[in-house]
Amino acid sequence: MRPQDTSLDRPSPDLTTQLIHHPYRPPEDFAAPQPGVFKASTVFFPSVAAMRSREWKHKTGYTYGLHGTPTSYLLEERLATLEGGLQTLLVPSGLSAIALVGLSLLAQGDEVLLPDNVYGPSKALAEGELKTWGITHQFYDPMDPQDLARRITDRTRVVWLEAAGSVTLEFPDLPELLRICRASPQVTVALDNTWGAGLAFNAFDIAPGLGVDLTAHALTKYPSGGGDVLMGSVVTRDEALHLRLKNTHMRLGLGVGMNDVEAVLRGLPSIVLRYAAHDRAARRLAHWCLDRTEFSQVLHPALPDAPGHAHWKTLCGGAADAAGSGPGLPGQAAGLFSVMFDARYTGVQVDAFCDALQLFKLGYSWGGPVSLVVPYDLNAMRERWPAHLKPGTLVRFSVGLEAVEDLQADLAQALGRLS
Ligand SMILES: *Cc1c(COP(=O)(O)O)cnc(C)c1O
């Protein structure tokens, strides 16, 4: 019996059990599972000698609030468990996780390669600060591995992957993209893991002996689950790479608030349930949309006609009937889907559809309880119109936790306004 420690003698293979019974040592004689919220800038040292010898890099002690408290150390460890890595850095947003990777690993003369469907602000960083500092970039077609292969040179230092892609939700052939990157040892492979959330697939074990070097994750989305926190993480499995990122993290002074850390710690035990619930609801609505004549395409990687469906099926368990999100739902996916309005509808009509929705609120982000909708201007977002997309206006839905029947009725009433 270890009344002071919540960890298990026999670790469970189940992620939820692991996250609930994760090692945590509460203060003496206070054996509660909820972790304490420790906030500090100053940390006292017992002596000058301790002040001089205690180091911040390896988490062997506490030195200053910016380098972590027991609360942030705990979240870092649980996120490493979630994503299958070993080390974690916490940053103030998902976007700052992406920026930290670029600032740590790229120098003047280097090049970074981004998929053309990458999270939009990641493009803006490459076109803004990185360019100003003499770091070049190229966008590759994530659905054509040979296009990536053609663009890698001696100057390529970082290749970003994203699965599924932002807004258009294509699912790339991650094993093939990784194999191509591995032919160039100077390349660090970074994955934006926000969509998969550490649940849909294991980024560090994409195929036997094949995994990414690091993941960036917008904890703002599923790990928080409340729509009330902005935070990001960078998870690694290699100590040397972690320390490179950590040095830059320290010099940039990136810190997170412990009340926000507490909120994410509270969200983690239910992340598997919530992810599955968002997934189930999104797939039901996506299927319903397939039958509506207003849409020329419905984009969700679990739909058989979706770009990259076969890759999703292989990687996210869609090939098996077991281990899915629920009865009849093989595989796992985030609660997002997009529709392409038929080209006969004008942009003004599509805007009016979005305005007419009542439960789906107009707003950015996802992973919280409220369903959200955003119309996108794809022409302004992509280098070229993706060959697999029909012409039209794209609208993305982020499905929350409301009753699916209510959400479906909301879509139906707003579509009714179109004619
Ligand atoms: C939301 C999001 C981010 C950025 O997260 P923030 O916390 O909002 O900065 C990065 N990547 C993806 C794929 C996202 O969806």
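Atoms within each ligand, like the ligands themselves, are counted from 1 in listed order. Below, all heavy atoms of this structure are taken into account, side chains as well, without hydrogens, waters or symmetry copies.
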> Sequence neighbours excluded, which residues qualify as salt bridge (charged side-chain N to carboxylate O under 4.0 Å, His left out) partners of Arg284?
Replying inline: Glu405

Are [X] and [Y] ion-paired here, with the side-chain N under 4.0 Å from a carboxylate O?
X: Lys57; Y: Glu55; result: no
X: Glu76; Y: Lys59; result: yes
X: Lys123; Y: Asp116; result: yes

> According to the salt bridge (Lys or Arg N to Asp or Glu O under 4.0 Å) rule, which pairs have a member within residues 238-264, sequence neighbours left out?
Replying inline: none

>> Per the salt bridge (Lys or Arg N to Asp or Glu O under 4.0 Å) rule, what does the pair list look like for residues 201-228, sequence neighbours excluded?
In response: Arg182-Asp213, Asp205-Arg237

Ligand 1: which protein N/O atoms lie under 3.5 Å from its N/O atoms?
| residue | atom | partner | partner atom | Å |
| --- | --- | --- | --- | --- |
| ligand 1 | 7 (O) | Gly94 | N | 2.7 |
| ligand 1 | 7 (O) | Thr220 | OG1 | 2.5 |
| ligand 1 | 9 (O) | Gly94 | N | 3.2 |
| ligand 1 | 9 (O) | Leu95 | N | 2.9 |
| ligand 1 | 11 (N) | Asp192 | OD2 | 2.7 |
| ligand 1 | 15 (O) | Lys221 | NZ | 2.6 |
| ligand 1 | 15 (O) | Trp366 | NE1 | 3.4 |

